[in-house]
Amino acid sequence: MKFPITPLLPQILEALEHNTRLVLEAPPGAGKTTQVPPALLEAPWLDGKRILLLEPRRIAARAAATFMAGQLGEAVGRRVGYAIRFESRLSAATRIEVITEGLLTRRIQDDPALEDVGAILFDEFHERHLAGDLGAALALDVQAGLRPDLRLVVMSATLDGERIAQWLDAPRISSPGRSFPVRIEHPPARAQESTEQHLARTVRQALAEIEGDVLAFLPGQREIARATRLLDEQLDADIEVLPLHGELALADQQAALAPADDARRRVILATNVAESSVTLPGIRAVVDSGLARVPQFDPNSGFTRLRTVTVARDSADQRAGRAGRVAPGVAYRLWPQSQRLDAERIAEIAQAELSGLALELAAWGHDALPWLDPPPSGALAQARDLLRRLGALDAEHRITALGRAMHALGATPRLAAAVTRANEAQHGLMADLLALLDARSPLRGEHARNDDFRQRVQALHVWRDGGASAARRFGADAGALAAIERAARGWRQRIGARAAASGTPHSHAVGDLLAHAFPDRIAMQVEGQPLRYQLSNGRGARLHEATALLGEPWLVVLDLRLESRDSLIFAAAPFDPALLQRDYGERFVTQRAVRWNADREAVEAFEERRFDALVLERRSVPVRAEDALPALLARVRERGLESLPWSDAARRLRARIQALRGWMPESGLPDVSDDTLLATLETWLGPYLDGKRKLDALSAAELSQALVALLDYGQRQQLDAQAPEALTVPSGRTHKLVYTPDAPPVLAVKLQELFGLADTPRVGGGRVPVTLHLLSPAGRPMQVTQDLAGFWERTYPEVKKELKGRYPKHPWPDDPWSATPTHRTRRHAGR
DNA sequence: CTCTCCCT
């Protein structure tokens, strides 16, 4: 049997003769997985040691070992064996050992010199799983320090291995694949067309243009369900539409995979499972939405959320390649040809939760590893906080004895922490929880919506006690439970459980164990709001309307969807809050807290007993001045300056200061604009709020004082002289000046009162003529002017005639310059 | 009321 890679095997051997690292690029079907490891067996540098072949998936590890053993005409477990979690077929004779990526880390941690290993081959490295990246970094570290002879081969399906070759400082060898050409098309979307409509229309186009089956890629279950509905309506009955995603029962997946026996053509609507995990025969056309859902860890909340993203070019090429396995095919891409995709997918290490990685690094002893992409510092810091909280690290981020025990368990740090807290009688149940939390829910149909995690435990126990039919009656998938039981059996052995748990666990038993895994996700019901909870990390959460957990005051939240306000709880378990005091006593604090009471518009102080962000008890205590002042000032900032009790006099004072500051910048008067006063509340208003508890305790007089206090004595004198509150006119009466921003002040005065005044009065150091609103004897506005001399000269003679007619009892002299000013009639003036 | 894929 010949593979495309076969002629390259001598070149690969030759390269590894002179280099300890090699990048091998080969597309699927080239034979790299099964042909390279046996070819290396007789290499002199191997020196009788083993070859490790890393696979990202368990199925792939089993399949590769089975195929290679068959090539040698042997059973698995002789010269070729495999190991995955809780399952291995190995012997003393084994020379090629196929293992899953996660196991390499454990091997290296247990034996840093890798005594019996001569070469490590990383298969499908382009998938960039966290365990693969960590394993490669550790292996490089081992090679640099302890094992310069160790051979490392990174195998990748991507065509651009340049970056990996530079990282490894290694030569590259490329192999052709065994695939048929795939034509790429970009059918455009119509206006207002949804992704699913576009996809359904293109699937019909593909069925018309190409023979064979069609594989379509969509980001998730929701989109698959919508597209299935559309296609079921649009397609003839002789075409079968099959959904394919990770949550489907095993039987459904098999149905999608098995070759169609009735010759019906098939349309398979799949998530990313079909990109790498599942091989589908007979596909001639691929329709690619270009979308995928990926988890993204948010270091701020400590939660992971799913985001829909555009795939990278390497993913799109891999998806397209599915159409060319049996014959030439077509890939229809639902994005514009002009759209640029990223070259490579984002490595898992760049956006995943990192507590497992952080624990590995702590166990390794240093974290200056030769990463292809280093773990981001924010996520790593959050991971270390969690590990400290779980007791795995000390304050200096060194691993503790408990941390070593957790590491040895090989579970996630959260669950490992729960195992170390469990007593012997709880080990059977703990093993069930380890298996159940690692798997998708075994519940189906309406039961799948049950948010009480204990229901899943119950399903496992029903299956264990009553078999598959009992499990089905309970609403669970027996196949899924069988897989969960295999894992649970493995955990029972590892943690030393004497017997499997059965029956109905005590109501708090599940939650009490899991509270030790999720101490930062403790939820306390909000008083008076049955569905709302406060989380110990400070965020809010809620149960859905049809919850099975109604009325539970305390929950451990195992799964939720992060939302800006209250996140939605998908799975939780009730627990006994007494264990918080017993096991996390050090996290309880009693503190004073100061709050603004919006109803009373007043500051309140409390003494609170808290577990992290959860307030368990609260009692009122007297407010201290140093507590109240910042709260009061913050409240003023929130509501604005207009909320303060300004008197008319204070408003005028502000206007005068601001006006004179503009006219005479040399006066050094302070800026009393809204922005500046709000920014400097502490200095000018603070002293007048000191000792107060409520905002309305501030009087208008105090506010005026606060404003006046901004000026020194000289500035006050200057203000009174140059921006006076009022002017005295020739009649002897005093009239207020009205100040408005960016305009001269206005003086409203009866014309007769100004007799004898030759020119316009001025303010602002003589720079600003007052705007005169000249009034009739009845107080009616007659004329607006800033030029009084001109008025007397030109306008007054005309105005006078009219005024004489309308107001005969008043004096209207011909010579207003020398006339006696008055506000009265002639009769009064005569006395 | 909902979530891609995988692993020690």
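Protein chains get the first letters and strands the later ones, always in sequence-line order, with residue 1 at the start of each. If you're wondering where the values come from, they're calculated on a predicted model, not measured in any experiment.
- A/R313 has its side chain within reach of A/D317: a pair of non-hydrogen atoms, C-beta onward, lies under 4.5 Å apart.
- Considering only side-chain atoms of A/R293, the nucleotide from B/dC7, B/dT8, B/dT4 that sits closest is B/dT4.
- Looking at heavy-atom distances under 4.0 Å, A/R222 makes contact with sugar-phosphate atoms alone, never a base.
- Straight-line distance from the CG atom of A/L558 to the P atom of B/dT2: 19 Å, rounded to whole Å.
- Counting to the nearest Å, the C1' atom of B/dC6 and the CD atom of A/E275 are 13 Å from each other.
- Side-chain nitrogen and oxygen atoms of A/T412 include none within less than 4.0 Å of the OP1 or OP2 phosphate oxygen of B/dT8.
- Of the candidate nucleotides B/dC5, B/dT4, B/dT8, B/dT4 has the atom lying nearest to any side-chain atom of A/P295.
- Residue-level contact check: A/P56 touches the backbone only, with heavy atoms under 4.0 Å from sugar-phosphate atoms and none from bases.
- Computed from coordinates, the A/I84 CD1 to B/dT8 P distance equals 7 Å when rounded to whole Å.
- Of the candidate nucleotides B/dT4, B/dT2, B/dC7, B/dT4 has the atom lying nearest to any side-chain atom of A/Q221.
- At the heavy-atom level, A/D451 lies nowhere under 4.0 Å from the strands shown.
- Contact annotation for A/I569: no contact, since no heavy-atom pair falls under 4.0 Å across all strands.
- When rounded to the nearest whole Å, the span between CG of A/D123 and C1' of B/dC7 equals 16 Å.
- Residues A/Q525 and A/E552 are not in side-chain contact: their nearest non-hydrogen atoms beyond the backbone lie 4.5 Å or more apart.
- Using cut-offs of 30° and 60° for the angle between ring planes, the A/H366 and A/W364 rings count as tilted.
- We find that CG of A/L244 is positioned 12 Å from P of B/dT4, with the value rounded to whole Å.
- Nucleic acid contact for A/R57: sugar-phosphate only, since backbone atoms but no base atoms lie under 4.0 Å from a heavy atom of the residue.
- A/A546 comes within 4.0 angstrom of nothing in the nucleic acid, heavy atoms only.
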(request) Show your working on side chain to side chain contact (heavy atoms under 4.5 Å, CB included) between A/L53 and A/E97 and close with a plain yes or no. (result) CA-CA 6 Å; A/L53 173 65; A/E97 191 176 334; over 6 Å; no
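- Within 6.0 Å of atom CD in A/E446, 12 or fewer heavy atoms from other residues, nucleotides or ligands are found, so the atom counts as exposed in its surroundings.
- Here A/L103 lies in heavy-atom contact (under 4.0 Å) with sugar-phosphate atoms only.
- A/N450 comes within 4.0 angstrom of a base, heavy atoms only.
- Comment: A/D520 does not engage A/R389 in a salt bridge, judged by the lack of any side-chain N to carboxylate O separation of less than 4.0 angstrom.
- Nucleic acid contact class of A/T271 (heavy atoms, under 4.0 Å, all strands): sugar-phosphate only.
- Taking only side-chain atoms of A/R440, from C-beta outward, the nucleotide of B/dC5, B/dC7, B/dT2 with the closest atom is B/dC5.
- Here the rule is side chain to side chain contact (heavy atoms under 4.5 Å, CB included) with A/F303, and of A/N537, A/V557, A/D298 only A/N537 fits it.
- Among the atoms of the strands shown, base atoms are found under 4.0 Å from some heavy atom of A/G410.
- Note on A/R58: a side-chain N or O is less than 4.0 Å away from OP1 or OP2 of B/dT8.
- Within the nucleic acid shown, A/T547 has no heavy atom closer than 4.0 Å to any nucleic acid atom.
- Remark: P of B/dT2 and CG of A/D566 are 16 Å apart, rounded to the nearest angstrom.
- Between A/L409 and A/G220, the one whose closest nucleotide on DNA chain B sits nearer the 5' end is A/G220.
- Among B/dT8, B/dC5, B/dT2, the nucleotide with an atom closest to any side-chain atom of A/H245 is B/dC5.
- Note: CG (A/L269) to P (B/dT4) measures 14 Å, nearest angstrom.
- Nucleotide B/dT4 holds its P atom 16 Å from the NE2 atom of A/H129, rounded to whole Å.
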